[in-house]
Protein chains: 4
Amino acid sequence: MGIQERKEREKERRRQQIIVAAKRVFSEKGFNKATMEDIAKEAELSPGTLYLYFKNKEELYASLSLRILQYLHIRVTHVNKETSLTPDKKLSALMEAMYDVYEFDPLIIINMFHLQSSETLKNLSESLLDEIKDLSKKSIGAIAKIFEEGIEQGIYEDRHPVALADIFWAMFSGVVLWEASKKIISSDKDYLKSTLAAAFELFERGIRKAG
Amino acid sequence: MGIQERKEREKERRRQQIIVAAKRVFSEKGFNKATMEDIAKEAELSPGTLYLYFKNKEELYASLSLRILQYLHIRVTHVNKETSLTPDKKLSALMEAMYDVYEFDPLIIINMFHLQSSETLKNLSESLLDEIKDLSKKSIGAIAKIFEEGIEQGIYEDRHPVALADIFWAMFSGVVLWEASKKIISSDKDYLKSTLAAAFELFERGIRKAG
Amino acid sequence: MGIQERKEREKERRRQQIIVAAKRVFSEKGFNKATMEDIAKEAELSPGTLYLYFKNKEELYASLSLRILQYLHIRVTHVNKETSLTPDKKLSALMEAMYDVYEFDPLIIINMFHLQSSETLKNLSESLLDEIKDLSKKSIGAIAKIFEEGIEQGIYEDRHPVALADIFWAMFSGVVLWEASKKIISSDKDYLKSTLAAAFELFERGIRKAG
Amino acid sequence: MGIQERKEREKERRRQQIIVAAKRVFSEKGFNKATMEDIAKEAELSPGTLYLYFKNKEELYASLSLRILQYLHIRVTHVNKETSLTPDKKLSALMEAMYDVYEFDPLIIINMFHLQSSETLKNLSESLLDEIKDLSKKSIGAIAKIFEEGIEQGIYEDRHPVALADIFWAMFSGVVLWEASKKIISSDKDYLKSTLAAAFELFERGIRKAG
DNA sequence: CATGAATGAGACTTCATTCAT
DNA sequence: AATGAATGAAGTCTCATTCAT
């Protein structure tokens, strides 16, 4: 391994170190109340160092979303590759993948919506935004493919696959968000898992061709 | 009408004036980038005045959500009262109501999630938070009732009605959020209406008893 | 005096209060080492208040120069108005005026060059920059007029009046700057007054037509 | 040439390399906006290396002035040595030398004033400051000698030679500064050369004994 | 000797909130 | 009740400088 490469790796490790710290802090405090100093402390680095790896607070924040999207994309692509699986099995695998996405980063998914649904997006560097767009599209596309297959095989109702993928993703994230809200609002127990299962079941029934 | 009452009414009018302005400003700029001065200007009042009607920025913000919840509650309650309607018709009416909720305040629903999914909630005054909790519960309860009826009449699958209501609401808001994100990310056309219709249809198929 | 007008006056007084404090602090520490907090303290105001009256540090700084230019312009215009004076007397009056400009604000004139000769100018608001340009031009124009008169009357050598004005002003400020430098560098006594007198005399001999 | 000496030379070359880079960067951005990293990049060195050759940013900056003073001193000394020249010719040669000083480093002369007229000087190391003082004095002294000669020979008016030298230098730098300002302020064409010529002519007339 | 990643102090600026009028 | 000038705490970000390699 050359020196060049070792440095590259070291740098990537530092980035991850910061991202992990940022995730923790953002999750706990939310975007605004989290300060760069908080994150620096969590990462056991100095504030200035953060800026060597991320242009500003917003880009650091956005990088977290990117990380989820990457994970999601990998998982869904993986499901798609298993050509031996029937659409049914694939759908099941997809649902499992989605749940893993949630477990991979339970709180950040909420912040991810905060990111997308507003203010921040406009200040990101072109390249980062492009990456987000790209991954987003690819992931939805991969999900859509599963539905497409099912439709072609006459198992699912004939609907626009991308629209189905959108609904699938929207339902998933809607449930995650809503259960999170309920936990805050009503200190309810964590029903996420069962609600999610119910939602997935409902979705499946909704697209499957009747009898 | 007594003087007391007239004053009360005047005060309420002022509150609404501020809320309307706040809605506009928050919608355009998001919670953080919107300043109290922005809102004051929009309301043609001075910053100090805002504090005569709202304890602080966060309470003003939360009041917007309250307003949606109130609207939602009224609409759903209204649907429920129509005892002559079949569950099917009621579900249709509910869907329509949800769409109206969205149209009543298209952007604020996004901010509402921002509110709920994080930071702010903890700083609200007990009473306001209670009101939100209460309305939230009542609205979900009212929605659940529709499903309950359908289940009792053997039209819908036998599921926990509140869970169905949660999924219904989560799906609705998930779609709204996701379509909003897509608009920002990919400058897509506004597919909200059709996606929402598709989602509702899927939901209906999902809960309806086969055969 | 209406309320409107009183407020206007109050506001102007505040501006002056800040300018005076800024002048003291900038003179003592220079542009970079002077902090907004220093200035706020000197003005017995809070940092935030400075920003109600000046857009940023650089505009505050530039306003000091503007103040000198205003003073200079008034003085030179005044000299010009005295139609009864011969060009000779006017030149004397001009020299006196220049010296007063210096005394009006001995150290800031140095900073003024710092301002003009560099970095800062580009960040100023259009309007402020325009004002500076305008006053600058007018002042030089007024000085040039004195020379023009002398040339017309055959007292002074026939040279381009504006060029003479430029040289006059350049010599004046050059001497002020240079004597200031010398004071720092060699802790010399303050020879400014005599050097300035010598320079003015030399200038006069230089433009006067030989006997 | 011993190893010692070669090293010495190598070191000096590095210093010059840095100074040249610093000149470019300071000229373009001014003292504050120029960062040590900018300079390092321009010199194709690392930031750390700069500190092996210069104690800090201010000393690096001051070294530029020193370089001009050195150049000025060499030129003026050279003029003085030409014992065969009349004071008149010497004055002409001096003027030419001054113009070359300007061309040697057109923008830095402005920054030199920034240096001298303020903040920085106080933080310099004793030795560097001494060198500046020394060269400064010597250069002015050399200029003064020319005038002294002219006075002794009855060509120039009987004035204090050092005062004349001061005025000469002040006028020169005043014109350079002022023309630079004008270029920024009014985007005027570059009249420096002609203004400088006019100033020199005026100066000469001013000191020369009348007919 | 050279590097350049890391530091961390400190500056500017914003803005929610207060309070005298 | 309404104002809006003033506050001052706090946050983001920069950059001169250091030091382990």
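Here is how names work: the chains are called A, B, and so on, in the same order as the sequence lines, proteins then strands, and each is numbered from 1.
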Can you list the stems that DNA chain F is part of, where a stem is at least 3 pairs in a row, each Watson-Crick or G-U, with both distances below 3.5 Å?
E:2-21 with F:2-21

With D:Arg15, which residues qualify under side-chain contact (heavy atoms from CB on, under 4.5 Å), at least two apart?
D:Glu12, D:Tyr53, D:Phe54, D:Ser63

In chain order, what residues pass the side-chain contact (heavy atoms from CB on, under 4.5 Å) check against C:Thr35, with sequence neighbours excluded?
C:Glu37, C:Asp38

Rounded to the nearest angstrom, tell me the gap between atom [atom1] in [X] and atom [atom2] in [N].
X: D:Leu45; N: E:dC1; atom1: CG; atom2: P; result: 13 Å
X: C:Glu59; N: E:dC12; atom1: CD; atom2: P; result: 15 Å
X: A:Leu60; N: F:dG11; atom1: CG; atom2: C1'; result: 15 Å

Base, sugar-phosphate, or nothing: which does B:Phe54 touch, judged by heavy atoms less than 4.0 Å apart?
nothing

For D:Leu52, answer base if it contacts any base atom (sugar-phosphate contacts may also be present), sugar-phosphate if it contacts only those atoms, and nothing otherwise; contact means non-hydrogen atoms under 4.0 Å.
base

Partners of [X] by salt bridge (charged side-chain N to carboxylate O under 4.0 Å, His left out), sequence neighbours excluded?
X: B:Arg24; value: B:Glu42
X: B:Glu8; value: none
X: C:Lys11; value: none

Near DNA chain F, under 4.0 Å by heavy atom, which residues of residues 10-20 of chain A?
none

DNA chain E: 5'-proximal contact among A:Tyr53 and D:Glu44 (nearest heavy atom):
D:Glu44

5' to 3', nucleotides 13-21 of chain E under a 4.0 Å protein heavy-atom cut-off (B base, S sugar-phosphate only, - none) gives BBSSBB---

Counting only heavy atoms from other residues, nucleotides and ligands, does the tally under 6.0 Å from NZ of C:Lys41 exceed 12?
no

Phosphate-side-chain proximity, D:Ser46 and E:dT3, N/O vs OP1/OP2 below 4.0 Å:
yes

Does the cation-pi check pass for C:Lys57 over C:Phe31, that is, NZ or CZ under 6.0 Å from the six-membered ring centre and within 45° of its axis?
yes

For D:Ile39 versus D:Ile18, what's the shortest heavy-atom pair and its separation?
CG2-O, 4.4 Å

I'd like to check the side chain to side chain donor-acceptor pair (under 3.5 Å) partners of [X]; sequence neighbours left out, ordered by chain and number.
X: B:Glu131; answer: none
X: B:Gln17; answer: B:Arg14
X: A:Glu10; answer: A:Arg13

